[in-house]
Number of protein chains: 2
Amino acid sequence: MGEDGVPLSTANSLTADELGSTAQRERRKRILDATIALASEGGFDAVQMRAVAEQADVALGTLYRYFPSKIHLLVSALGREFEKADAGMRGKPIPGDTAAERVINILKLLSRGLQGDPHLTEALTRAFMFADSSAATEIHRVGMSMTSMLSHAIHPDMAEGAELSEDDVAITKVIGDVWLSALVGWVTGRSSAADTANQIEVAVKLLLRD
Amino acid sequence: MGEDGVPLSTANSLTADELGSTAQRERRKRILDATIALASEGGFDAVQMRAVAEQADVALGTLYRYFPSKIHLLVSALGREFEKADAGMRGKPIPGDTAAERVINILKLLSRGLQGDPHLTEALTRAFMFADSSAATEIHRVGMSMTSMLSHAIHPDMAEGAELSEDDVAITKVIGDVWLSALVGWVTGRSSAADTANQIEVAVKLLLRD
DNA sequence: GCGCGAAGTGGAACGCGTTCCTATTATGGA
DNA sequence: TCCATAATAGGAACGCGTTCCACTTCGCGC
(Lines give C-alpha, C1' and ligand atoms only; values in the text may rest on other atoms or scores of the structure.)
Protein backbone atom coordinates (compact mmCIF):
# COMPACT_ATOMS: atom_id res chain seq x y z
CA MET A 1 0.00 0.00 0.00
CA GLY A 2 1.44 3.29 -1.04
CA GLU A 3 4.63 1.43 -1.93
CA ASP A 4 7.24 4.10 -1.57
CA GLY A 5 6.21 7.00 0.52
CA VAL A 6 3.32 8.16 -1.58
CA PRO A 7 0.32 7.71 0.67
CA LEU A 8 -2.94 6.31 -0.51
CA SER A 9 -6.04 8.26 0.18
CA THR A 10 -6.84 6.49 3.43
CA ALA A 11 -7.67 8.54 6.50
CA ASN A 12 -4.52 10.53 7.08
CA SER A 13 -3.60 13.14 9.54
CA LEU A 14 -3.48 16.61 8.07
CA THR A 15 0.22 17.26 7.53
CA ALA A 16 1.73 20.63 8.33
CA ASP A 17 2.39 21.63 4.70
CA GLU A 18 -1.03 20.93 3.27
CA LEU A 19 -2.60 23.24 5.81
CA GLY A 20 -3.59 26.46 4.13
CA SER A 21 -4.01 29.19 6.66
CA THR A 22 -1.64 30.23 9.39
CA ALA A 23 -4.39 29.76 11.92
CA GLN A 24 -4.62 26.13 10.91
CA ARG A 25 -0.90 25.53 11.18
CA GLU A 26 -1.00 27.08 14.60
CA ARG A 27 -3.93 24.92 15.63
CA ARG A 28 -2.03 21.88 14.54
CA LYS A 29 1.01 22.96 16.47
CA ARG A 30 -1.06 23.66 19.57
CA ILE A 31 -2.54 20.19 19.35
CA LEU A 32 0.83 18.48 19.06
CA ASP A 33 2.26 20.60 21.86
CA ALA A 34 -0.63 19.69 24.11
CA THR A 35 -0.15 16.04 23.23
CA ILE A 36 3.53 16.10 24.12
CA ALA A 37 2.85 17.99 27.33
CA LEU A 38 0.17 15.58 28.49
CA ALA A 39 2.18 12.53 27.46
CA SER A 40 5.17 13.88 29.27
CA GLU A 41 3.20 14.28 32.47
CA GLY A 42 1.23 11.10 32.61
CA GLY A 43 2.04 8.86 29.67
CA PHE A 44 -0.30 7.14 27.26
CA ASP A 45 -3.32 7.11 29.54
CA ALA A 46 -2.98 10.81 30.29
CA VAL A 47 -3.25 11.69 26.62
CA GLN A 48 -7.03 11.80 26.61
CA MET A 49 -8.64 13.25 23.55
CA ARG A 50 -10.91 15.54 25.55
CA ALA A 51 -7.93 16.78 27.54
CA VAL A 52 -5.83 17.37 24.42
CA ALA A 53 -8.66 19.29 22.81
CA GLU A 54 -9.18 21.43 25.87
CA GLN A 55 -5.50 22.17 26.41
CA ALA A 56 -5.03 22.99 22.72
CA ASP A 57 -8.12 25.15 22.86
CA VAL A 58 -9.93 23.39 20.04
CA ALA A 59 -13.18 21.47 19.92
CA LEU A 60 -13.12 17.69 20.12
CA GLY A 61 -14.47 17.44 16.60
CA THR A 62 -11.69 19.66 15.32
CA LEU A 63 -9.07 17.51 16.98
CA TYR A 64 -10.49 14.52 15.15
CA ARG A 65 -10.45 16.49 11.93
CA TYR A 66 -6.73 17.00 12.26
CA PHE A 67 -5.88 13.55 13.60
CA PRO A 68 -8.33 10.74 12.96
CA SER A 69 -7.40 8.81 16.10
CA LYS A 70 -5.39 8.94 19.27
CA ILE A 71 -2.85 6.67 17.61
CA HIS A 72 -2.40 8.98 14.63
CA LEU A 73 -2.03 11.85 17.00
CA LEU A 74 0.68 10.19 19.07
CA VAL A 75 2.57 8.77 16.12
CA SER A 76 2.55 12.19 14.49
CA ALA A 77 3.91 13.69 17.69
CA LEU A 78 6.58 11.02 17.76
CA GLY A 79 7.45 11.87 14.18
CA ARG A 80 7.90 15.51 15.02
CA GLU A 81 10.17 14.69 17.94
CA PHE A 82 12.27 12.32 15.84
CA GLU A 83 12.69 14.84 13.09
CA LYS A 84 13.73 17.36 15.66
CA ALA A 85 16.32 14.92 16.99
CA ASP A 86 17.51 14.05 13.50
CA ALA A 87 17.87 17.69 12.55
CA GLY A 88 19.69 18.42 15.76
CA MET A 89 22.22 15.72 15.01
CA ARG A 90 22.93 16.75 11.47
CA GLY A 91 25.98 18.94 11.30
CA LYS A 92 27.39 17.88 14.62
CA PRO A 93 29.98 15.12 14.28
CA ILE A 94 29.18 11.93 16.17
CA PRO A 95 31.88 10.78 18.58
CA GLY A 96 33.40 7.33 18.08
CA ASP A 97 36.16 5.82 15.96
CA THR A 98 34.28 2.88 14.49
CA ALA A 99 30.80 2.63 13.02
CA ALA A 100 29.76 0.45 15.95
CA GLU A 101 30.86 3.02 18.48
CA ARG A 102 29.12 5.82 16.68
CA VAL A 103 25.88 3.87 16.36
CA ILE A 104 25.97 2.99 20.03
CA ASN A 105 26.59 6.59 20.91
CA ILE A 106 23.79 7.90 18.82
CA LEU A 107 21.36 5.39 20.25
CA LYS A 108 22.51 6.27 23.74
CA LEU A 109 21.84 9.90 22.99
CA LEU A 110 18.40 9.06 21.72
CA SER A 111 17.68 6.77 24.64
CA ARG A 112 18.86 9.28 27.17
CA GLY A 113 16.64 11.85 25.58
CA LEU A 114 13.78 9.43 25.76
CA GLN A 115 14.50 7.94 29.14
CA GLY A 116 14.83 11.42 30.50
CA ASP A 117 11.10 11.57 29.91
CA PRO A 118 9.77 8.10 30.62
CA HIS A 119 6.13 8.99 30.38
CA LEU A 120 6.54 10.58 27.00
CA THR A 121 8.51 7.60 25.78
CA GLU A 122 5.92 5.22 27.07
CA ALA A 123 3.14 7.07 25.34
CA LEU A 124 4.92 7.31 22.02
CA THR A 125 6.19 3.74 22.01
CA ARG A 126 2.78 2.37 22.90
CA ALA A 127 1.23 4.31 20.08
CA PHE A 128 3.84 3.11 17.63
CA MET A 129 3.27 -0.50 18.63
CA PHE A 130 -0.44 -0.19 18.36
CA ALA A 131 -0.61 1.65 15.10
CA ASP A 132 -2.07 -0.13 12.13
CA SER A 133 -1.69 0.43 8.42
CA SER A 134 -3.97 3.45 8.45
CA ALA A 135 -1.12 5.28 10.14
CA ALA A 136 1.41 4.02 7.62
CA THR A 137 2.29 7.50 6.39
CA GLU A 138 3.12 8.77 9.84
CA ILE A 139 5.05 5.63 10.71
CA HIS A 140 7.03 5.85 7.52
CA ARG A 141 8.24 9.28 8.51
CA VAL A 142 9.46 7.98 11.84
CA GLY A 143 11.29 5.18 10.07
CA MET A 144 12.96 7.67 7.74
CA SER A 145 14.29 9.71 10.63
CA MET A 146 15.62 6.58 12.28
CA THR A 147 17.33 5.42 9.09
CA SER A 148 18.75 8.86 8.51
CA MET A 149 20.27 9.01 11.95
CA LEU A 150 21.74 5.53 11.76
CA SER A 151 23.21 5.99 8.26
CA HIS A 152 24.73 9.18 9.45
CA ALA A 153 26.39 7.27 12.26
CA ILE A 154 27.64 4.43 10.08
CA HIS A 155 29.03 6.70 7.35
CA PRO A 156 29.50 10.14 8.90
CA ASP A 157 31.03 11.63 5.79
CA MET A 158 28.35 10.48 3.39
CA ALA A 159 26.56 12.99 1.21
CA GLU A 160 23.05 13.95 2.20
CA GLY A 161 21.02 12.01 -0.35
CA ALA A 162 23.49 9.14 -0.85
CA GLU A 163 22.43 5.57 -0.21
CA LEU A 164 23.80 2.82 1.96
CA SER A 165 25.00 -0.52 0.66
CA GLU A 166 22.56 -3.39 0.77
CA ASP A 167 24.29 -4.92 3.76
CA ASP A 168 24.28 -1.67 5.65
CA VAL A 169 20.60 -1.24 5.00
CA ALA A 170 19.96 -4.71 6.38
CA ILE A 171 22.05 -3.98 9.44
CA THR A 172 20.29 -0.68 9.97
CA LYS A 173 16.96 -2.44 9.93
CA VAL A 174 18.04 -5.07 12.41
CA ILE A 175 19.41 -2.44 14.74
CA GLY A 176 16.17 -0.53 14.49
CA ASP A 177 14.27 -3.69 15.34
CA VAL A 178 16.39 -4.42 18.38
CA TRP A 179 16.08 -0.86 19.50
CA LEU A 180 12.32 -1.00 19.21
CA SER A 181 12.07 -4.28 21.06
CA ALA A 182 14.39 -3.05 23.77
CA LEU A 183 12.33 0.08 24.11
CA VAL A 184 9.16 -1.94 24.39
CA GLY A 185 10.79 -4.06 27.07
CA TRP A 186 11.73 -0.97 28.96
CA VAL A 187 8.43 0.80 28.50
CA THR A 188 6.46 -2.21 29.63
CA GLY A 189 8.62 -2.56 32.71
CA ARG A 190 10.16 -5.83 31.67
CA SER A 191 13.72 -4.55 31.69
CA SER A 192 15.65 -1.74 33.34
CA ALA A 193 17.23 1.18 31.55
CA ALA A 194 20.62 -0.44 32.01
CA ASP A 195 19.39 -3.73 30.55
CA THR A 196 17.99 -1.85 27.61
CA ALA A 197 21.22 0.00 26.90
CA ASN A 198 23.18 -3.20 27.24
CA GLN A 199 20.86 -5.16 24.98
CA ILE A 200 21.35 -2.61 22.23
CA GLU A 201 25.08 -2.47 22.71
CA VAL A 202 25.45 -6.23 22.45
CA ALA A 203 23.36 -6.32 19.31
CA VAL A 204 25.30 -3.55 17.62
CA LYS A 205 28.60 -5.21 18.44
CA LEU A 206 27.36 -8.49 17.05
CA LEU A 207 26.26 -6.81 13.86
CA LEU A 208 29.00 -4.29 13.22
CA ARG A 209 32.11 -6.34 13.91
CA ASP A 210 34.50 -5.39 11.19
CA MET B 1 10.68 -6.86 39.70
CA GLY B 2 10.37 -10.52 40.50
CA GLU B 3 13.98 -10.89 39.29
CA ASP B 4 14.08 -14.45 38.13
CA GLY B 5 10.77 -16.00 37.52
CA VAL B 6 9.33 -15.65 40.97
CA PRO B 7 6.40 -13.33 40.51
CA LEU B 8 5.59 -10.59 42.93
CA SER B 9 2.15 -10.45 44.37
CA THR B 10 0.80 -8.06 41.76
CA ALA B 11 -2.48 -8.80 40.06
CA ASN B 12 -1.85 -12.07 38.27
CA SER B 13 -3.98 -14.29 36.19
CA LEU B 14 -4.98 -17.45 37.96
CA THR B 15 -2.60 -20.06 36.58
CA ALA B 16 -3.81 -23.50 35.70
CA ASP B 17 -1.98 -25.31 38.50
CA GLU B 18 -3.10 -23.14 41.38
CA LEU B 19 -6.70 -23.78 40.53
CA GLY B 20 -8.20 -26.18 43.02
CA SER B 21 -11.27 -27.79 41.60
CA THR B 22 -11.73 -29.48 38.28
CA ALA B 23 -14.64 -27.18 37.54
CA GLN B 24 -12.29 -24.23 37.86
CA ARG B 25 -9.67 -25.68 35.56
CA GLU B 26 -12.40 -26.35 33.05
CA ARG B 27 -13.72 -22.81 33.37
CA ARG B 28 -10.25 -21.49 32.75
CA LYS B 29 -9.87 -23.71 29.72
CA ARG B 30 -13.25 -22.66 28.33
CA ILE B 31 -12.23 -19.04 28.70
CA LEU B 32 -8.95 -19.47 26.87
CA ASP B 33 -10.63 -21.54 24.17
CA ALA B 34 -13.24 -18.85 23.65
CA THR B 35 -10.50 -16.24 23.50
CA ILE B 36 -8.57 -18.12 20.84
CA ALA B 37 -11.73 -18.77 18.85
CA LEU B 38 -12.82 -15.15 18.86
CA ALA B 39 -9.32 -13.87 18.14
CA SER B 40 -9.04 -16.31 15.29
CA GLU B 41 -12.25 -15.04 13.73
CA GLY B 42 -11.89 -11.32 14.10
CA GLY B 43 -8.61 -10.41 15.75
CA PHE B 44 -7.97 -8.14 18.69
CA ASP B 45 -11.15 -6.12 18.36
CA ALA B 46 -13.30 -9.21 18.22
CA VAL B 47 -12.02 -10.41 21.56
CA GLN B 48 -14.56 -8.50 23.58
CA MET B 49 -14.77 -9.32 27.22
CA ARG B 50 -18.54 -9.66 27.16
CA ALA B 51 -18.30 -11.96 24.15
CA VAL B 52 -15.59 -14.09 25.73
CA ALA B 53 -17.64 -14.41 28.91
CA GLU B 54 -20.74 -15.40 27.00
CA GLN B 55 -18.98 -17.90 24.75
CA ALA B 56 -17.15 -19.43 27.71
CA ASP B 57 -20.46 -19.56 29.58
CA VAL B 58 -19.14 -17.56 32.47
CA ALA B 59 -20.23 -14.29 34.05
CA LEU B 60 -18.29 -11.17 33.21
CA GLY B 61 -17.18 -10.80 36.81
CA THR B 62 -15.86 -14.34 36.81
CA LEU B 63 -13.87 -13.71 33.66
CA TYR B 64 -12.21 -10.77 35.40
CA ARG B 65 -11.57 -12.96 38.41
CA TYR B 66 -9.55 -15.33 36.27
CA PHE B 67 -7.86 -12.71 34.11
CA PRO B 68 -7.62 -9.19 35.45
CA SER B 69 -7.65 -7.57 32.01
CA LYS B 70 -8.06 -8.23 28.32
CA ILE B 71 -4.29 -8.00 27.98
CA HIS B 72 -3.65 -10.65 30.63
CA LEU B 73 -6.20 -12.81 28.93
CA LEU B 74 -4.62 -12.56 25.51
CA VAL B 75 -1.06 -12.89 26.72
CA SER B 76 -2.04 -15.99 28.68
CA ALA B 77 -3.63 -17.41 25.56
CA LEU B 78 -0.46 -16.64 23.64
CA GLY B 79 1.54 -18.40 26.32
CA ARG B 80 -0.57 -21.52 26.01
CA GLU B 81 -0.15 -21.56 22.24
CA PHE B 82 3.61 -21.09 22.46
CA GLU B 83 3.97 -23.85 24.99
CA LYS B 84 1.96 -26.07 22.74
CA ALA B 85 4.26 -25.22 19.83
CA ASP B 86 7.37 -25.73 21.94
CA ALA B 87 6.14 -29.08 23.20
CA GLY B 88 5.27 -30.13 19.67
CA MET B 89 8.79 -29.38 18.51
CA ARG B 90 10.55 -31.22 21.26
CA GLY B 91 11.49 -34.68 20.18
CA LYS B 92 11.22 -34.00 16.50
CA PRO B 93 14.57 -33.14 14.90
CA ILE B 94 14.75 -29.77 13.18
CA PRO B 95 15.84 -29.84 9.54
CA GLY B 96 18.97 -27.89 8.56
CA ASP B 97 22.70 -28.49 8.64
CA THR B 98 23.82 -25.31 10.35
CA ALA B 99 22.46 -23.49 13.36
CA ALA B 100 21.41 -20.62 11.11
CA GLU B 101 19.38 -22.91 8.85
CA ARG B 102 17.69 -24.60 11.76
CA VAL B 103 16.81 -21.31 13.39
CA ILE B 104 15.38 -20.00 10.16
CA ASN B 105 13.40 -23.16 9.70
CA ILE B 106 11.95 -23.11 13.14
CA LEU B 107 10.95 -19.49 12.80
CA LYS B 108 9.38 -20.23 9.45
CA LEU B 109 7.40 -23.01 11.04
CA LEU B 110 6.23 -20.70 13.78
CA SER B 111 5.45 -17.91 11.36
CA ARG B 112 3.55 -20.18 9.05
CA GLY B 113 1.56 -21.40 11.99
CA LEU B 114 0.87 -17.84 12.93
CA GLN B 115 0.36 -16.41 9.49
CA GLY B 116 -1.99 -19.25 8.77
CA ASP B 117 -4.22 -17.47 11.23
CA PRO B 118 -3.61 -13.77 10.74
CA HIS B 119 -6.38 -12.60 13.01
CA LEU B 120 -5.16 -14.71 15.87
CA THR B 121 -1.63 -13.50 15.36
CA GLU B 122 -2.73 -9.93 15.24
CA ALA B 123 -4.64 -10.25 18.47
CA LEU B 124 -1.85 -11.98 20.33
CA THR B 125 0.92 -9.71 19.07
CA ARG B 126 -1.05 -6.58 19.88
CA ALA B 127 -1.64 -7.84 23.37
CA PHE B 128 2.01 -8.66 23.83
CA MET B 129 3.06 -5.21 22.68
CA PHE B 130 0.58 -3.51 24.91
CA ALA B 131 1.21 -5.50 28.04
CA ASP B 132 2.77 -3.72 30.96
CA SER B 133 4.67 -4.99 33.96
CA SER B 134 1.53 -6.27 35.64
CA ALA B 135 1.54 -9.04 33.05
CA ALA B 136 5.23 -9.79 33.61
CA THR B 137 4.58 -13.33 34.76
CA GLU B 138 2.63 -14.25 31.67
CA ILE B 139 5.13 -12.56 29.39
CA HIS B 140 8.00 -14.33 31.04
CA ARG B 141 6.42 -17.65 30.17
CA VAL B 142 6.18 -16.68 26.53
CA GLY B 143 9.83 -15.65 26.56
CA MET B 144 10.81 -19.00 28.06
CA SER B 145 9.07 -20.90 25.28
CA MET B 146 10.75 -18.75 22.68
CA THR B 147 14.19 -19.25 24.24
CA SER B 148 13.59 -22.94 24.55
CA MET B 149 12.68 -23.29 20.91
CA LEU B 150 15.62 -21.23 19.69
CA SER B 151 18.19 -23.01 21.91
CA HIS B 152 16.85 -26.25 20.67
CA ALA B 153 17.48 -25.08 17.12
CA ILE B 154 20.97 -23.78 17.79
CA HIS B 155 22.11 -26.86 19.73
CA PRO B 156 19.78 -29.70 18.77
CA ASP B 157 21.63 -32.29 20.83
CA MET B 158 21.73 -30.29 24.03
CA ALA B 159 20.38 -31.76 27.22
CA GLU B 160 17.02 -30.50 28.42
CA GLY B 161 18.07 -28.26 31.29
CA ALA B 162 21.50 -27.27 29.94
CA GLU B 163 22.36 -23.65 29.31
CA LEU B 164 23.59 -21.75 26.30
CA SER B 165 26.85 -19.84 26.18
CA GLU B 166 26.73 -16.14 26.90
CA ASP B 167 27.11 -15.31 23.23
CA ASP B 168 24.36 -17.67 22.22
CA VAL B 169 22.04 -16.17 24.78
CA ALA B 170 22.75 -12.73 23.35
CA ILE B 171 22.14 -13.95 19.83
CA THR B 172 18.93 -15.62 20.90
CA LYS B 173 17.70 -12.40 22.39
CA VAL B 174 18.51 -10.38 19.30
CA ILE B 175 16.77 -12.90 17.09
CA GLY B 176 13.75 -12.78 19.35
CA ASP B 177 13.73 -9.00 19.08
CA VAL B 178 13.92 -9.03 15.31
CA TRP B 179 11.21 -11.62 15.16
CA LEU B 180 8.96 -9.54 17.35
CA SER B 181 9.58 -6.37 15.37
CA ALA B 182 9.01 -8.17 12.12
CA LEU B 183 5.81 -9.60 13.46
CA VAL B 184 4.65 -6.18 14.56
CA GLY B 185 5.44 -4.85 11.11
CA TRP B 186 3.40 -7.59 9.55
CA VAL B 187 0.52 -7.37 11.98
CA THR B 188 0.25 -3.62 11.56
CA GLY B 189 0.22 -3.95 7.81
CA ARG B 190 3.54 -2.24 7.32
CA SER B 191 5.20 -5.21 5.65
CA SER B 192 4.09 -8.27 3.72
CA ALA B 193 4.51 -11.84 4.86
CA ALA B 194 7.39 -12.24 2.42
CA ASP B 195 9.10 -9.12 3.73
CA THR B 196 8.71 -10.42 7.23
CA ALA B 197 10.23 -13.80 6.43
CA ASN B 198 13.06 -12.14 4.58
CA GLN B 199 13.76 -9.68 7.34
CA ILE B 200 14.18 -12.52 9.82
CA GLU B 201 16.31 -14.55 7.47
CA VAL B 202 18.70 -11.67 6.85
CA ALA B 203 19.05 -11.02 10.56
CA VAL B 204 19.72 -14.64 11.40
CA LYS B 205 22.34 -14.90 8.69
CA LEU B 206 24.03 -11.76 9.94
CA LEU B 207 24.09 -13.10 13.46
CA LEU B 208 24.89 -16.77 12.97
CA ARG B 209 27.62 -16.62 10.37
CA ASP B 210 30.19 -19.20 11.44
C1' DG C 1 -27.70 -31.69 57.78
C1' DC C 2 -26.08 -26.74 58.90
C1' DG C 3 -23.84 -22.63 58.43
C1' DC C 4 -20.32 -19.78 56.61
C1' DG C 5 -17.08 -17.90 53.58
C1' DA C 6 -15.48 -18.14 48.89
C1' DA C 7 -16.79 -18.31 44.12
C1' DG C 8 -20.04 -17.42 40.54
C1' DT C 9 -24.23 -14.90 38.35
C1' DG C 10 -26.48 -11.05 36.21
C1' DG C 11 -26.55 -6.65 35.28
C1' DA C 12 -26.02 -1.60 36.21
C1' DA C 13 -22.74 2.04 35.94
C1' DC C 14 -18.49 4.63 34.83
C1' DG C 15 -14.56 6.32 31.82
C1' DC C 16 -12.66 7.30 27.58
C1' DG C 17 -12.20 6.81 22.40
C1' DT C 18 -15.02 7.78 18.77
C1' DT C 19 -19.04 9.41 16.04
C1' DC C 20 -22.54 12.55 14.94
C1' DC C 21 -25.45 16.57 14.85
C1' DT C 22 -26.68 21.51 15.06
C1' DA C 23 -25.38 26.23 15.51
C1' DT C 24 -21.88 29.57 14.75
C1' DT C 25 -17.89 31.62 12.58
C1' DA C 26 -14.25 32.23 9.18
C1' DT C 27 -13.00 32.42 4.09
C1' DG C 28 -12.75 33.29 -0.57
C1' DG C 29 -14.95 34.15 -5.17
C1' DA C 30 -18.64 36.84 -7.86
C1' DT D 1 -19.92 43.77 -0.28
C1' DC D 2 -22.48 39.60 -0.04
C1' DC D 3 -23.18 34.90 -0.20
C1' DA D 4 -22.01 29.91 -0.55
C1' DT D 5 -19.18 26.73 1.49
C1' DA D 6 -15.97 24.95 4.53
C1' DA D 7 -14.19 24.92 9.18
C1' DT D 8 -14.96 25.14 14.10
C1' DA D 9 -17.51 25.02 18.53
C1' DG D 10 -20.13 22.62 21.76
C1' DG D 11 -21.93 18.76 23.34
C1' DA D 12 -24.94 14.48 23.21
C1' DA D 13 -24.61 9.63 22.33
C1' DC D 14 -22.61 5.01 21.49
C1' DG D 15 -19.33 0.98 22.22
C1' DC D 16 -16.37 -1.59 24.93
C1' DG D 17 -13.08 -2.31 28.91
C1' DT D 18 -13.55 -2.20 33.59
C1' DT D 19 -15.67 -1.86 38.22
C1' DC D 20 -19.17 -2.68 41.51
C1' DC D 21 -23.00 -4.55 43.85
C1' DA D 22 -26.82 -7.55 45.41
C1' DC D 23 -27.95 -12.09 45.16
C1' DT D 24 -27.34 -17.15 44.62
C1' DT D 25 -24.68 -21.38 44.63
C1' DC D 26 -20.84 -24.30 45.95
C1' DG D 27 -17.65 -26.61 49.07
C1' DC D 28 -16.30 -27.85 53.46
C1' DG D 29 -15.60 -28.16 58.59
C1' DC D 30 -18.65 -29.11 62.49
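Each chain gets a letter, A, B and so on, in the order its sequence line appears, and its residues count up from 1.
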ask   = Given atom CZ of R27(B) and atom P of dT25(D), what is their separation to the nearest angstrom?
value =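 Distance check: R27(B) CZ to dT25(D) P gives 14 Å.
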ask   = Is there side-chain contact between L208(B) and I175(B), with heavy atoms separated by less than 4.5 Å?
value =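 Yes, side chains in contact.
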Interface limits on DNA chain C, where chain A has a heavy atom under 4.0 Å of a nucleotide atom =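 With heavy atoms of chain A under 4.0 Å away, the range is dC16(C) to dT19(C).
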key: Option among V184(A), V187(A), L180(A) that satisfies the side-chain contact (heavy atoms from CB on, under 4.5 Å) test with F128(A)   =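 The single option meeting the side-chain contact (heavy atoms from CB on, under 4.5 Å) with F128(A) is L180(A).
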message = For F130(B), does the six-membered ring have the charged nitrogen or CZ of R126(A) within the cation-pi criterion, i.e. under 6.0 angstrom from the centroid and within 45° of the normal?
response =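 Yes, a cation-pi geometry.
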What closest approach, in Å, do [X] and [Y] show between heavy atoms, and which atom pair accounts for it?
X       : Y       : answer
M89(A)  : H152(A) : O-CE1, 3.7 Å
E138(A) : S134(A) : OE1-O, 4.2 Å
A203(A) : V174(B) : CB-CG2, 3.7 Å
V202(B) : A170(A) : CG1-CB, 3.5 Å

ask   = Between I71(A) and A59(B), which is nearer to the 5' end of DNA chain C once each is assigned its nearest nucleotide?
value =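 Its nearest nucleotide being more 5', the pick is A59(B).
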task = Starting from the 5' end of DNA chain C, give me the residue, S69(A) or T62(B), whose nearest nucleotide shows up first.
result =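 Result: T62(B).
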inquiry  = Checking R80(B) against D33(B) for the salt bridge (Lys or Arg N to Asp or Glu O under 4.0 Å) test, could you report, in this order, the C-alpha distance in whole Å, the side-chain angles of both residues, the deciding distance, and whether it holds?
reply    = CA-CA 10 Å; R80(B) 202 181 63 170; D33(B) 288 346; 2.8 Å; yes
key: Pairing residues for Q48(B) by the side chain to side chain donor-acceptor pair (under 3.5 Å) criterion, not counting sequence neighbours   =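 Residues passing side chain to side chain donor-acceptor pair (under 3.5 Å) with Q48(B): none at all.
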Considering only distance and modelled atom types, tabulate donor-acceptor pairs under 3.5 Å from the side chains of residues 35-45 of chain A, sequence neighbours left out.
| from | atom 1 | to | atom 2 | distance (Å) |
| --- | --- | --- | --- | --- |
| T35(A) | OG1 | I31(A) | O | 2.8 |
| S40(A) | OG | D117(A) | OD1 | 3.1 |
| S40(A) | OG | D117(A) | OD2 | 2.7 |

ask   = Where along residues 42-58 of chain A does a heavy atom come under 4.0 Å from DNA chain D, residue by residue in number order?
value =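 DNA chain D contact set from residues 42-58 of chain A: R50(A), D57(A), V58(A).
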ask   = Hey, can you pull the residues of residues 120-130 of chain A with a non-hydrogen atom under 4.0 angstrom from DNA chain D?
value =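 Within this stretch, nothing sits under 4.0 Å of the strand.
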Nucleotide N/O of nucleotides 19-23 of chain D paired with protein N/O under 3.5 Å:
none

task = Could you tell me whether the side chains of T137(B) and H140(B) share a donor-acceptor contact shorter than 3.5 Å?
result =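 There is no such pair between these side chains.
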query = Between the side chains of D177(B) and Q199(A), does any donor sit under 3.5 Å from an acceptor?
reply =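 Side-chain D/A pair, D177(B) to Q199(A): present.
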From T196(B) atom OG1 to L107(B) atom CG, the distance as rounded to the nearest 0.5 Å =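 So the gap between those two atoms works out to 12.0 Å.
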